[in-house]
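As structure tokens, the structure follows; a few thoughts come after it.
We number each residue from 1, following the sequence as shown.
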Amino acid sequence: MTSLLEQLRTATAALHSHLDRHTMMSELMSADLTEARYRQILQHMYPAHQQLEAAVQQGVQALRLGYPLQARLAWLDDDLIKLQCDIPTMAAVKNMTNQAELAHSETMAPVAIGSLPALVGWLYVLEGSRLGAAVIAKRLQRQLPNSPCSFFSRSIAPQAWSQFLLFAQQVAAADADDVIEAAQQAFNSYIEQLKAPLGAPLRLPKSAEYAN
């Protein structure tokens with residue numbers, strides 16, 4: 001019988017590839033990446049990761065399953081602050097005026113995870129992103145050695161993936177389709193967030209500094 005992990009990999013392969021080929025994701029691996037562009041990419045990633053992580057946190061708390069989730073959004077906050085960037089907010093959509101922008105704003109609504117299969121599907125995307133973060137961190141350390149990249153470098157935690165795999169074993173084989181549907185939803189949500197206009201930023205002091 002095909003394992004749940006193998007089913008997830010197969011069912012989300014196209015979405016995963018689409019995300020990897022996204023302009024901003026591919027630029028993080030480019031030899032032409034500048035710090036200015038790096039700032040912009042992190043700002044666009046912020047709402048996407050915020051929604052993904054918030055959905056999983058809500059699910060873990062609501063289901064009381066005791067998953068040892070390590071939140072990572074604070075590391076992205078820290079990188080943006082050190083880069084003297086504005087931190088975008090998902091909630092600020094009032095300035096979106098055309099229909100295309102308003103359609104994107106619908107993806108900003110909180111996602112309610114109410115079952116173990118749904119939680120495992122979203123966790124697959126969130127915890128799986130750590131694996132890609134390791135590759136990106138190495139590239140950034142070569143390309144922009146003086147720029148902060150805590151979000152990527154601190155995401156490298158092999159034990160987190162092992163914990164996820166152990167946790168996922170609680171899902172019954174009959175619920176595999178629900179897990180896959182949730183994982184696809186999580187990928188689609190992340191991709192749509194990258195397309196969305198940035199919300200109004202939280203202004204940061206221009207005197208912010210960071211140590212190399």
Side-chain angles (χ1 to χ4, degrees), residues 1-26 28-29 41 45-76 107 110-140 149-195:
M1 180 181 294
T2 305
S3 71
L4 176 60
L5 181 60
E6 290 173 323
Q7 291 180 68
L8 278 166
R9 283 174 174 162
T10 300
T12 62
L15 287 168
H16 200 165
S17 178
H18 179 59
L19 179 58
D20 285 345
R21 294 196 309 270
H22 189 283
T23 301
M24 282 184 277
M25 296 296 100
S26 60
L28 286 172
M29 300 296 293
I41 293 172
M45 286 182 63
Y46 191 94
H49 186 82
Q50 184 182 37
Q51 182 172 42
L52 180 61
E53 189 170 284
V56 171
Q57 285 178 324
Q58 173 273 322
V60 169
Q61 293 169 3
L63 298 172
R64 300 181 181 180
L65 294 174
Y67 184 82
L69 179 67
Q70 182 182 40
R72 291 182 280 153
L73 189 66
W75 301 337
L76 190 48
T107 68
V111 175
I113 294 176
S115 70
L116 173 62
L119 179 59
V120 170
W122 279 74
L123 272 170
Y124 172 74
V125 179
L126 179 62
E127 298 292 46
S129 68
R130 290 177 178 272
L131 306 179
V135 178
I136 293 172
K138 291 179 181 178
R139 181 67 192 186
L140 289 173
C149 63
S150 294
F151 178 69
F152 297 107
S153 63
R154 296 183 66 181
S155 291
I156 304 171
Q159 73 277 10
W161 186 243
S162 298
Q163 289 169 351
F164 164 72
L165 294 178
L166 183 63
F167 183 75
Q169 291 178 11
Q170 300 178 63
V171 176
D175 293 327
D177 286 346
D178 292 336
V179 177
I180 290 169
E181 182 180 356
Q184 291 171 334
Q185 180 188 21
F187 267 116
N188 279 316
S189 171
Y190 198 98
I191 291 168
E192 285 303 308
Q193 283 286 0
L194 290 181
K195 296 178 184 177

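Using a 4.5 Å heavy-atom cutoff, the side chains of I41 and M45 are in contact. A heavy-atom distance below 4.5 Å is not found between the side chains of L15 and L19. Residues F164 and L126 are not in side-chain contact: their nearest non-hydrogen atoms beyond the backbone lie 4.5 Å or more apart. When side chains are defined from C-beta on, V125 does not count as touching Q185, because their heavy atoms never get closer than 4.5 Å. E192 has its side chain out of reach of F187: every pair of non-hydrogen atoms, C-beta onward, lies at least 4.5 Å apart. In this structure the side chain of W122 reaches within 4.5 angstrom of the side chain of S189, judged on heavy atoms.
A distance of 6.5 Å separates CG of L52 from OG of S129, quoted to the nearest 0.5 Å. Here the straight-line distance linking atom OG of S3 with atom CZ of R9 works out to 7.5 Å at 0.5 Å rounding. Taking CG of L123 as the reference point, atom CG of L165 lies at 11.0 Å (rounded to 0.5 Å). We find the SG-CG distance between C149 and L28 to be 10.5 Å, quoted to the nearest 0.5 Å. Here the OG1-NE2 distance, from T12 to H18, works out to 13.5 Å after rounding to the nearest 0.5 Å.
Pairing each heavy atom of D20 with each of M25, the nearest pair is O-CB, 3.8 Å. Between A55 and I113, the closest heavy-atom pair is O-CD1, 3.4 Å. For the pair Y190 and H49, the tightest heavy-atom approach, listed with the atom from each and the gap, is CE1-N, 3.8 Å. Taking both residues in full, the closest heavy atoms of A11 and I180 are given as CB-CG2, 3.4 Å, listed atom of the first, atom of the second, then distance. Residues A182 and G121 come closest through the heavy atom pair CB-CA, 3.9 Å. Between M24 and L194, the shortest heavy-atom contact is CE-O, 3.5 Å.
In the displayed structure, H16 atom NE2 is contacted under 6.0 Å by at most 12 heavy atoms of other residues, nucleotides or ligands. Heavy atoms of other residues, nucleotides or ligands lying less than 6.0 angstrom from CD of E181 number 12 at most.
Judged purely by distance below 3.5 Å, without hydrogens or angles, the side chains of E127 and Y67 pair a donor atom with an acceptor atom.
Judged by distance alone, with hydrogens and angles left aside, the side-chain atoms of N188 form a donor-acceptor pair with the main-chain N or O of Q184 at under 3.5 Å. Although no hydrogens or angles enter the test, the distance criterion places a donor-acceptor pair under 3.5 Å between the side chain of E53 and the main chain of L73. In this structure, the side chain of T10 does not engage the main chain of Q7 through any donor-acceptor pair within 3.5 Å.
Looking at residues two or more places apart in sequence or on another chain, you find a side-chain contact (heavy atoms from CB on, under 4.5 Å) between L65 and L63, L116, L119, F167.
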Output side-chain donor-acceptor pairs under 3.5 Å for residues 154-161, partner residues at least two apart or in another chain, one line each.
unit_1	atom_1	unit_2	atom_2	d
S155	OG	R72	NH1	3.2
S155	OG	F151	O	2.4

Step-by-step side chain to side chain contact (heavy atoms under 4.5 Å, CB included) determination, Q169 to L4: CA-CA 9 Å; Q169 291 178 11; L4 176 60; over 6 Å; no

